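Bear in mind the structure is a predicted one, so any value in this text is a computation, not a measurement. Lettering follows sequence order; numbering is per chain, from 1.
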There are 2 protein chains.
Amino acid sequence: MNSGSVGRGRPRSVERRRAILDAAAELALGSQTLPTMDAIATRAGVSRTTLYKWWPSSAAVLLEGLLERFHASIEFDDDLPVRAALTAQVDALVHLLRDTPAGRLLRQLMSASITDAATATALLDQWMEPRRHAAIHHLERGMTIGEIRPGTDTALVVDALFAPAYHRLIWGHAPLDDDLAEHVCALVWPAITT
Amino acid sequence: MNSGSVGRGRPRSVERRRAILDAAAELALGSQTLPTMDAIATRAGVSRTTLYKWWPSSAAVLLEGLLERFHASIEFDDDLPVRAALTAQVDALVHLLRDTPAGRLLRQLMSASITDAATATALLDQWMEPRRHAAIHHLERGMTIGEIRPGTDTALVVDALFAPAYHRLIWGHAPLDDDLAEHVCALVWPAITT
DNA sequence: CATATAGTGAACAATATGTCCATGAATTCG
DNA sequence: CGAATTCATGGACATATTGTTCACTATATG
């Protein structure tokens, strides 16, 4: 709430917040299941009461840590050609999901999203939509310069580009290959170019 | 285990099994979260011990019910042209996810899959793989008759076709439109035809 | 009959949850 | 300084779910 403003009473401890976010991430990465509030508190060396004061659930703790750690992970380069820019975005996601903790954390958060509407809203608004919007931006740029066919269903194209990566993250039926982004873009490209 | 074979002792009650599967589905459909073993047992009018005897978790109960109810939901028509056959498969999935209980049940099972390896394996083997295989069949048929470009990455194409539907089911950021299947196929088609 | 398997109901320990309260700690304002 | 305010602690509490165990009853086969 008032993390930034200088309030009246004792200021919130940034160290404890850090310790909590880190503990949550470490616990989540070492397990298939969401950490419990209890386990996070113990690991962070903090009382359970403090956790419940600032977060409603362990998923909320995890999400805040994820967003803070990967907020700058959206590729956004208007100097690149449209196809290269889109490929770079999908490629960044593929590597994020495969090679960083974000993949494992997102898996658990997506699981939590299904049973917890608050997590679902937060994850959609703060993780998914910014990335979708960045991709749509390039598609609209492509339509402006006449490279992408006008009238293209950008929402659909974005899903076609990104869904396979999330799909493989969730189901694990096929690997997140290095060339997945390139191949997915190649698959969609002929249908959307003029 | 021995559901079919005529064993030595008291035979398993098919009525109780039915009541349990139905109770689990009803509870799941009326809630965002997986039902508890307790709730299923109570609703089915059965002792909790019986549940634990036959299923390890409520997700397993739910999955068995889902597979039994929708085992025949794979469109498979070799008389159709390849593109029509694939579109029909995607379209069947879209309507299944949107208009039948399968959608809500699958959401919860996918959530459970992330935290429970046994559920993940069962769901992948018994739900996802048969559908993927049916789609790959048509793609290979298309390659044989020279309609689909040889060397096509069938695994990737199948993901591109089906992932958007699951993606929208999970994230809920866009609707499962009536024409989603058609549009997704149209998006992929130019890249895979000869 | 004996034997074997299914189902019941109750109990149990172990975990989590979410909330409460009394207390102490750190900071600002008058 | 003292008062007000907010943060943090630790313990307690009722509640719920899990997974197992046990003694018992029910229904089948040979």
Applying salt bridge (charged side-chain N to carboxylate O under 4.0 Å, His left out) as the test, list every pair that has at least one member in [range]; sequence neighbours left out.
range	answer
residues 49-61 of chain A	none
residues 111-125 of chain B	none
residues 25-42 of chain B	B:Glu26-B:Arg43, B:Asp38-B:Arg48

**Item:** Which nucleotide in C:dA26, C:dG7, D:dC7 has an atom nearest any side-chain atom of A:Pro11
**Value:** C:dA26

**Complete:** Between CZ of A:Arg10 and C1' of D:dT6 the distance, given in whole Å, is 9 Å

**Fill in**
note: B:Arg8, atom CZ; C:dT3, atom C1'; distance rounded to Å ~ 5 Å

**Message:** Can you see whether B:Ser111 engages A:Ser111 through a side-chain donor-acceptor pair at a distance of less than 3.5 angstrom?
**Reply:** yes

Please work out which residues in [range] have a non-hydrogen atom less than 4.0 Å from an atom of DNA chain C and list them by number.
range	result
residues 13-36 of chain B	B:Ser13, B:Arg16
residues 37-53 of chain A	A:Met37, A:Asp38, A:Arg48, A:Thr49, A:Tyr52
residues 105-123 of chain A	none

**side chain to side chain contact (heavy atoms under 4.5 Å, CB included) against B:Ala102, all qualifying residues, sequence neighbours excluded** = B:Leu66, B:Phe70, B:Leu96, B:Thr100

**Partner residues of A:Thr49 under the side chain to side chain contact (heavy atoms under 4.5 Å, CB included) criterion, sequence neighbours left out** = A:Ser47

**Request:** Would you mind listing every side-chain hydrogen bond (donor to acceptor under 3.5 Å, both in side chains) that reaches into residues 149-160 of chain B, with sequence neighbours excluded?
**Result:** A:Arg168-B:Asp159, A:His173-B:Asp159, B:Arg132-B:Asp159

**Item:** Residues forming a ring-ring contact (aromatic ring centres under 6.0 Å, His included) with A:His133, sequence neighbours excluded
**Value:** none

**ring-ring contact (aromatic ring centres under 6.0 Å, His included) involving B:His71 - partner list, sequence neighbours excluded** = none

Check: residues 175-186 of chain A side-chain donor-acceptor pairs under 3.5 Å, at least two apart:
unit_1	atom_1	unit_2	atom_2	d
A:Asp178	OD1	A:His95	NE2	3.2
A:Asp178	OD1	A:Arg98	NH1	3.2
A:Asp178	OD1	A:Arg98	NH2	2.8

**Any B:Trp54 side-chain N or O less than 4.0 Å from OP1/OP2 of C:dG7** = yes

